[in-house]
Structures are given as C-alpha cells and as structure tokens.
Amino acid sequence: METSVIGYPRVGALRELKFATENYLKNHLTKERLQSTGLKLREAHWKTQQSNGVDFITSNDFSFYDNMLDTAVLLNVVPERYRKLGLDILDEYFAMARGYQGEKGDVKALAMKKWFNTNYHYMVPEMEDETKITLAGTKPFDEYLEAKKIGIETKPSIIGPFTFLKLTKFSGQKEERDFISDIIQAYVDIIQKFEQLGTKWIQFEEPALVMDIYEDDKKLVEKLYRPMLSTKGKLKVLLQTYFGDLRDCYREVTDLPFDGIGLDFVEGNKSLNLIKKLGFPKDKKLFVGIVNGKNIWRNNYATTVKIVKELAEHCEKLVLSTACSLLHVPYTLKNENKLLKAHKKYFAFADEKITELSQLKIVLSSKDPTLSDEYKKNIELFSQKRAGQNSTVQSVVSTLHEQDFVRHPNFEKREKIQKSTFDLPLLPTTTIGSLPQTTEVKENRSKFKKGKISFEQYTQFNKEKIAEWVSIQEKIGLDVLVHGEFERNDMVEYFGENLDGFLFTENAWVQSYGTRCVKPPIIWGDISRSKPITVNYSVYAQSLTKKALKGMLTGPVTILNWSFPREDISLKDCAFQISLAIKAEVLDLEANGIRIIQIDEAALREKLPLRQSDWHSEYLDWAIPAFRLVHSSVKPDTQIHTHMCYSEFKDIIKNIDAMDADVITFEAARSDLSIVDVLKESGFKTEVGPGVYDIHSPRIPAVEEIKEALEKILTKIPLEKLWVNPDCGLKTRGENETIPSLENLVAAAQKLRERVPV
Ligand SMILES: CN1c2c(nc(N)[nH]c2=O)NC[C@@H]1CNc1ccc(C(=O)N[C@@H](CCC(=O)N[C@@H](CCC(=O)N[C@@H](CCC(=O)O)C(=O)O)C(=O)O)C(=O)O)cc1
Ligand SMILES: N[C@@H](CCS)C(=O)O
Ligand SMILES: [Zn+2]
C-alpha cells in the first residue's frame with residue numbers, strides 16, 4: 001500500500017518564511033536571501049517526507065503568500081492596476097497580496113476570504129474583461145525540477161480549474177463562461193509541460209466539488225476536464241478533493257478518465273457509502289483521505305483499519321492519504337518542551353501524521369493488522385480515559401433552558417434605551433479592538449514569559465500602553481474607545497490560557513494568511529472560568545476616559561473554532577461550556593461599570609457545513625444560541641457589540657441578526673462593501689459598522705476614499721443605524737499607519753455629519 005500527502009506546511013517549523021518575508025517587505029532582506037530561504041524550506045520539507053517513506057510527495061505546495069494567488073499569477077489573472085505599477089514579478093505579486101502605496105502608485109490589495117471551513121485565508125483572484133487567461137508562469141515546473149534535482153520525484157499540485165473559477169471574482173461584464181476555453185487551454189499547457197518534463201503524477205486540488213453541486217456545475221466539470229484529460233499521455237492525473245464528500249457529483253467525477261481520485265473520509269460523511277453503493281472504477285487509484293489534516297489528535301487505527309478493509313472490498317488500488325493539506329496543523333511535537341508526555345502521546349502534528357501514515361502502511365500491509373505492535377499501542381491509547389472532566393460544568397450545560405438564550409427587552413426597546421443612555425453622535429466612530437502590537441508590546445510579553453520581568457513590570461507596561469492609546473484615541477476624536485488588547489498574544493489563545501480545560505503549545509504555529517500565524521490552543525477537557533480575565537485592564541482603561549470604552553471578549557463559537565477541539569464530546573456541548581465561561585466574564589465586566597461589551601464572533605461561519613442542506617441540523621441550531629447564551633442576562637442599557645470578518649455572510653445574514661447583538665461590525669472594505677446590499681435586502685435590524693478601510697494593507701486610506709465608502713453605504717443603510725470603523729483589529733499595523741488612518745476615518749465621519757440637517 002502506498003501513501004500520499006496532499007500538502008505540507010510551508011511557513012517553517014520556526015516560522016523562518018514568515019520572518020524572511022516580513023524582512024524582505026521592510027527592505028531588510030534581499031530578494032535573493034528570501035528566495036534561498038524558500039528553497040531551503042522546500043528541500044527540508046521534501047526530505048522529511050521522503051525519509052518517512054511517503055510515496056506521493058507534493059511540490060508547488062510552497063508559496064510566498066498564498067497558493068490561490070500563485071495560481072492566478074500562473075494563469076495570467078493579474079488585474080491591470082497591478083501591472084500598471086511596473087514592478088518586478090515578485091513585488092507585483094506582493095502588491096496584489098497587500099496593496100501598494102509608494103512612488104509607483106496607490107492600489108488596494110485583492111480581496112481576502114476564508115478558505116472553505118478553515119482559518120486559512122486565500123486571495124480572491126479577480127478577472128477583468130480584458131484578462132487573457134494563459135499559462136504565464138513557471139513556478140510549478142521550477143519547484144518540480146528543484147525536487148528532482150535532489151533525487152525526489154514529486155507530484156506537483158495545482159488548484160484545479162473548477163475551484164479556481166468558483167472562487168474567482170468577475171469584476172467586469174464578462175462571466176465565467178467567457179473564460180472557459182482559455183482556462184482549458186492553459187491547463188492543457190500545464191499538463192503538456194509536465195508531460196515533457198517526465199513527471200509521473202500531477203494533482204489537481206478541487207475542494208469546491210464538495211459544496212452543493214447543481215447540473216450546471218456538473219456540466220462545467222465535464223467541460224473542463226474532458227479536453228484536459230484527453231491530452232495527458234503518460235502523465236497520470238489525480239483529482240484531489242477534501243473538506244467533504246462528492247455526494248452530488250460522484251458518478252460524473254468517477255466517470256472521467258482520471259488516474260486517481262482523492263476522497264475525504266474524515267469530513268466526507270458520505271464518502272464510504274458512496275463507494276459501497278456506487279462502486280469505484282477498477283482502473284483508478286483511490287486516495288483514501290483518512291489522516292485528519294485539521295485536528296491534532298492521533299489517528300484511531302482501529303477505525304482506519306475498519307474503513308480501509310471495507311474499501312478494499314470495492315477498490316483494488318488504495319493509497320493512504322492525509323484528508324486535506326497539512327497546512328492547517330503545526331509542524332512537529334518535537335519543538336514542544338512544555339507539554340507533558342502524558343498529553344503529547346495523544347497528539348499528532350504534521351510530522352507525526354506522516355509517521356502515522358508510514359505506520360498504517362505497515363499495519364495494513366501485514367496479514368493480520370491487529371497483531372502489529374503499532375496497532376496494539378494505538379488501541380491501548382484510545383482505551384484510556386483522559387482526565388479533565390468537570391461534572392459541575394457538564395450538569396449546568398445539560399440543564400440549560402430555552403429562556404437562558406433570550407435577552408429582554410427586545411432589540412427595538414433596547415435600541416431606544418441605549419440611544420438615550422449613550423448619547424453618541426450620528427455615525428459613531430470606533431475601532432475593532434486591537435491596536436498595534438509593536439515590537440515593544442511583543443517583547444514585553446516575551447520577557448514576561450521567559451521570566452525576565454515580573455508580573456508587576458509586565459502589567460505596568462501594558463497599563464502605560466493603554467494610557468498612551470486612550471489619550472491618542474481621544475485626540476483623534478473617536479467616540480467609543482478600546483483598551484487595545486496589548487496583553488493578548490491572540491484573541492483566542494489568550495482566552496484559552498485563562499480558562500480551565502485548555503492546553504497550549506510553544507511553537508505550534510499554523511498559517512492564517514500571508515505571513516501571519518496563530519497558535520490554536522488545544523481543548524483538552526471541560527471548560528470553565530475560575531477567575532475574571534479581562535476586568536482589570538478594561539476597568540483601568542475606562543477609568544482614564546469619560547468616553548465609553550468597550551470591554552473586549554472573544555465569543556464561544558470563535559474560541560471553539562480557532563482552537564483544536566476535542567473529539568470525544570460534541571462541538572455543541574463544548575461551545576455551551578465556553579459560553580458559560582464567557583457569560584461570567586460579561587457579567588463581571590457589567591458589574592464593574594463597563595457599559596459596552598464587544599463579543600467577537602469572527603469565526604462564526606467556520607464550521608458551518610459547506611453544504612446548505614446540513615446547516616441547521618449540524619451547526620446553526622447551536623452556534624447562534626451559543627452566542628445568545630453569553631449575553632442574555634445583561635441589562636437593557638448594556639450595549640452588546642459583535643464583530644465578524646473575512647467570511648461570506650450573505651446566506652446566513654438572518655442568523656447573524658438572530659444573534660441579537662445591539663451592534664455588529666463587519667469586514668467589508670476588503671470585499672468591496674458587498675455586505676451592504678445584503679444588509680439592506682435582509683432588513684437587518686442590528687446596528688452595523690461595515691468596515692470602511694482594509695487593515696491588512698499598509699496603505700493609509702484618504703479622507704475622500706473613506707467618505708465615498710460611507711456615502712455608498714448610506715444609500716443602503718439608515719443613517720441612525722450606521723457606525724464607522726475599520727474592517728478588523730489593528731494589531732498587524734504600525735503606529736505610523738494606524739494614527740493617520742484613524743484620523744482620516746474620523747474626519748470622513750465628521751464631514752458627513754456636517755451635511756446632515758440638525
Ligand atoms: C483576526 N484574525 C484572527 C484569526 N485567527 C486568530 N486565531 N486570531 C485572529 O486574530 N483569523 C482571522 C483573522 C486574520 N488572521 C490573523 C492571524 C494572525 C495574526 C497575527 O498577527 N499573528 C501574529 C502572531 C500573534 C502572536 O501569537 N504573537 C505572540 C508571539 C509573538 C512572537 O512571534 N514573538 C517572537 C518575536 C518575534 C517578533 O515578531 O518580534 C518571540 O517571542 O520570539 C505574542 O505576541 O506573544 C503573527 O506575527 O503571525 C493576525 C491575523
Ligand atoms: N477584537 C479583535 C477582533 C479581530 S477579528 C481585534 O481587534 O483584533
Ligand atoms: Zn476581525
């Protein structure tokens with residue numbers, strides 16, 4: 001039996017690529033040094049997989065920013081505004097990713113969106129009417145040859161044409177169908193080029209096939225792949241799907257002349273049944289996605305062996321594979337010195353997952369898999385009961401009542417009460433919470449963690465920073481202030497560190513977008529709060545100003561979705577446990593005089609099933625209540641805000657309104673304010689702050705630009721419902737970018753207020 005890895009992480013076990021790229025972007029590192037860091041990482045990654053006996057090692061899974069962006073550049077899908085800058089290829093690439101403001105021009109970045117149901121974000125390709133799709137790059141070929149040079153035959157991976165088209169934005173009059181013949185030709189050229197290079201296998205990634213697929217899409221798949229596959233000669237083609245199953249198009253896909261098809265048996269609930277019911281073509285290899293690429297718990301060998309045995313009855317050629325790219329898990333447990341052995345043995349990061357693949361290969365190749373040592377050890381591990389139970393929390397969750405999820409009085413009454421309590425101007429200005437995490441802010445935390453400074457010194461620094469920024473915010477003229485989140489490494493990891501039931505890591509970084517990474521905490525046991533978490537800093541910050549200052553919390557669904565969740569209890573129960581802990585924090589903030597509390601639910605959509613038919617039964621029916629439970633007991637004049645970013649909101653907008661917050665801020669500028677139409681059409685009741693500028697770009701938005709955005713929004717949203725704020729938190733920005741941007745935001749709001757008759 002062979003093994004395959006769909007993709008390997010790329011940022012470096014110690015985030016080498018992040019630091020090199022950020023230094024290059026600050027002009028602290030040459031292009032050559034950046035390129036050589038990339039090459040070293042690629043080689044190391046291939047060798048790790050080779051030494052673990054992986055048979056299908058992927059190339060072109062590396063990227064300096066994002067694979068979707070790489071594919072766009074490869075296919076010549078580069079909007080004219082970036083070409084016009086006249087930059088070299090790499091800098092043009094970064095301009096698309098981050099925007100550009102300099103001597104050559106001023107352009108915004110491409111839109112950024114969540115990659116299916118993960119916390120990874122991709123750059124949205126933009127097709128203009130003038131775009132001519134053609135094979136315009138050499139990256140996949142170059143990287144294939146690099147691996148070959150060191151003696152490793154890889155399967156190059158490229159986002160497939162179906163997924164590429166489905167995730168692309170068409171900015172002109174032309175539509176998807178106008179680009180089909182060109183995209184086919186470009187992919188034919190890719191196939192032929194690999195054929196010439198003597199490549200054995202190529203992988204097309206098509207996660208969009210696990211979404212709801214209708215007749216038109218099935219026809220499109222056929223239209224794209226038939227001609228592509230007719231030119232493949234000796235080259236073998238693997239169609240790799242992940243994040244779900246192919247229930248809508250299984251027959252059509254298996255009828256196409258692929259040489260291998262990769263299916264997901266972790267998230268693909270129906271994959272096994274599809275094969276049992278409809279069979280699997282004898283001439284194709286089935287790549288069995290069985291090692292979870294998104295969570296860090298060890299693979300259960302008994303379950304895997306059972307599934308593989310069942311599959312073997314229907315398929316002749318099986319290849320064991322990861323269920324998706326390992327991009328979504330950290331590199332290795334080897335760099336975790338603080339996790340106890342007793343905990344570590346339950347986990348598998350990317351490298352340990354590769355070891356699991358090689359163990360499973362041996363286990364499954366033996367006559368009786370159940371007799372092998374590795375199998376027995378694994379059975380033993382899964383038979384042990386883990387510590388970490390909290391019966392009080394379990395019993396509170398089990399006795400929750402309908403009324404626990406309802407806030408009184410209703411929204412309309414609260415809105416009136418709050419308008420008079422807060423007496424804010426029209427178009428109140430605010431920010432999303434975090435303020436620049438400068439080198440000093442990070443150093444302060446790092447010194448405290450290493451024991452170089454005391455808790456008092458650490459806290460004192462944060463308080464000084466808060467005081468400095470309360471004063472800056474007042475000077476800028478913002479109406480509702482924030483304390484700045486200087487004490488937080490991350491909005492989820494921080495709460496994980498302060499709640500019972502979580503474990504944390506030292507180096508378990510996972511890429512979220514571009515050079516930015518997160519260290520998701522691990523949910524080990526039942527979750528509870530033993531002490532107030534944010535009250536001291538919030539109360540201190542509020543004491544410095546007469547203006548309202550928002551208490552800042554992360555919501556239960558987001559804490560759950562951006563952690564590595566347990567697999568032994570339901571997500572619903574786990575979410576409710578977190579709700580109760582955050583609810584206690586909300587009530588403490590309120591009791592200590594904090595009158596506006598923001599409960600971020602940036603990841604609300606993340607675990608929403610990719611298929612609409614599964615939404616309610618599997619997710620929304622507990623995710624929305626989980627949020628309502630957190631704020632249902634606050635007073636009518638306590639204003640509850642929430643915030644969301646980088647997701648598709650359109651189809652769940654009514655559910656978002658049903659969260660029953662008083663105000664919601666959305667990321668919008670990065671996706672062309674498309675949310676505004678949705679808000680209007682849905683009759684959204686909650687007050688809203690669609691972000692008026694993109695915070696992931698170093699660009700400083702001009703007053704006029706923000707004013708225009710606001711004017712556009714005001715054609716759809718009533719003036720008295722509108723808040724003015726950036727897209728998301730400002731932690732990734734420098735102070736020199738943040739202050740002028742916020743000054744311009746306040747000036748834009750001011751100009752519009754002046755036009756309103758009193
Ligand atoms: C808002 N978003 C978030 C998402 N997911 C989260 N879990 N959190 C989010 O805020 N998803 C959607 C969006 C966009 N995604 C992100 C993700 C990550 C960042 C980000 O800025 N990440 C930082 C790391 C943050 C952190 O944990 N910092 C730690 C450690 C800092 C560190 O590296 N220290 C080094 C020194 C290096 C240096 O830079 O000086 C050391 O100690 O050796 C901390 O501050 O303690 C990143 O840099 O990637 C933003 C948006
Ligand atoms: N309060 C958080 C939300 C990010 S989604 C922040 O401002 O960083
Ligand atoms: Zn956000």
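First listed ligand is number 1; within each ligand, the first listed atom is number 1.
Protein heavy atoms are absent from the 4.0 Å sphere centred on atom 36 (C) of ligand 1.
Not a single heavy atom of K114 sits less than 4.0 Å from an atom of ligand 1. Using a 4.0 angstrom heavy-atom cutoff, M644 does not count as in contact with ligand 2. Ligand 1 has D490 within reach: a non-hydrogen atom of the residue lies less than 4.0 Å from it.
At least one N or O atom of E485 sits closer than 3.5 Å to an N or O atom of ligand 2. Inclusion of K731 in the set of residues having an N or O under 3.5 Å from an N or O of ligand 1 is warranted. For ligand 1, the polar-atom distance check finds an N/O of K18 within less than 3.5 Å of one of the ligand's N/O atoms. Residue-to-ligand polar distances keep W509 apart from ligand 1: every N/O pair is separated by 3.5 Å or more. For K731, no nitrogen or oxygen atom sits less than 3.5 Å from a nitrogen or oxygen atom of ligand 2, counting backbone and side chain alike. Of the polar atoms of Q598, none of the N or O atoms is found under 3.5 Å from an N or O of ligand 2, judged by distance alone. Polar contact with ligand 1: present for S512 (N/O pair, distance under 3.5 Å). Geometrically, ligand 2 and C645 share no nitrogen or oxygen pair separated by less than 3.5 Å.
Side-chain polar atoms of E267 and N117 form a donor-acceptor pair below 3.5 angstrom. With 3.5 Å as the limit, one finds no donor-acceptor pair spanning the side chains of S446 and E443. A donor-acceptor pair shorter than 3.5 Å can be found between the side chains of N462 and Y537. If you check the side chains of T642 and E601, you find no donor sitting under 3.5 Å from an acceptor.
F116 and F243 have tilted rings, their planes meeting at an angle from 30° to 60° on a 0 to 90° scale. Using a 30° and 60° split on the angle between ring planes, Y93 and Y65 fall in the perpendicular class, above 60°.
The nearest heavy-atom contact from the protein to atom 39 (O) of ligand 1 is K442 NZ, 3.2 Å. Nearest to atom 22 (N) of ligand 1 among the protein's heavy atoms is C517 O, 3.0 Å.
The count of protein N, O or S atoms under 2.8 Å from the Zn ion (ligand 3) stands at 3, with waters excluded from the count.
Using a 4.0 Å cut-off between heavy atoms, A602 contacts ligand 2 through its side chain alone, with no backbone atom that close. Contacts between R516 and ligand 1 below 4.0 angstrom, taking non-hydrogen atoms only, involve backbone and side chain alike.
Less than 4.0 angstrom separates some heavy atom of H643 from each of these atoms of ligand 2: 3 (C), 5 (S). Ligand 1 places these atoms under 4.0 Å from at least one heavy atom of T732: 21 (O), 50 (C). Close contacts of ligand 2 with G729, meaning ligand atoms under 4.0 Å from a residue heavy atom, involve 6 (C), 7 (O), 8 (O). Within the listing of ligand 2, atoms 7 (O) sit less than 4.0 angstrom from a heavy atom of G433. The H121 neighbourhood of ligand 1 comprises atoms 11 (N), 12 (C), with distances under 4.0 Å to a heavy atom of that residue. Proximity to N119 (heavy-atom distance under 4.0 Å) selects the following atoms of ligand 1: 4 (C), 5 (N), 6 (C), 7 (N), 11 (N), 12 (C). Ligand-side atoms of ligand 2 in range of C728: 4 (C), 5 (S), range being under 4.0 angstrom from any heavy atom. Short contacts between ligand 1 and S446, defined as distances under 4.0 Å to a heavy atom of the residue, involve ligand atoms 42 (O).
Residues H483 and W469 keep their aromatic ring centres 6.0 Å or farther apart. Proximity of the aromatic rings of H696 and Y513 is defined here by a centroid distance below 6.0 angstrom, and this criterion is met. Between F347 and H343, the ring centre distance reaches or exceeds 6.0 Å. The ring of Y331 has its center closer than 6.0 angstrom to the ring center of H45.
Ion pairing of E705 with R699 is present here, as a side-chain N (NZ or NE/NH1/NH2) and a carboxylate O approach within less than 4.0 Å. Between E336 and K344 no salt bridge is recorded (no basic side-chain N to carboxylate O distance below 4.0 Å). Note on D651 versus R605: salt bridge recorded, some NZ/NE/NH1/NH2 to OD/OE distance being below 4.0 Å.
Of the candidates V518, N489, N444, the one placing a heavy atom closest to atom 28 (N) of ligand 1 is N489. Compare R445, R15, E487, E493 by their heavy atoms: the one nearest to atom 32 (C) of ligand 1 is in R15.
Judged by a 6.0 Å distance limit and a 45° cone about the ring axis, K113 is not positioned over the six-membered ring of Y646. Under the 6.0 Å distance and 45° angle rule, R10 does not count as a cation-pi partner of F62.
Checked options Y122, W115, Y120; the residue passing with D66 is Y120 (criterion: side chain to side chain donor-acceptor pair (under 3.5 Å)).
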For a side-chain hydrogen bond (donor to acceptor under 3.5 Å, both in side chains) check, start with the C-alpha distance between E585 and T534, then their side-chain angles and the critical distance, and finish with the verdict.
CA-CA 8 Å; E585 187 70 13; T534 63; 2.6 Å; yes

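The two residues I523 and R566 come nearest to each other via the heavy atoms O-CG, 3.1 Å.
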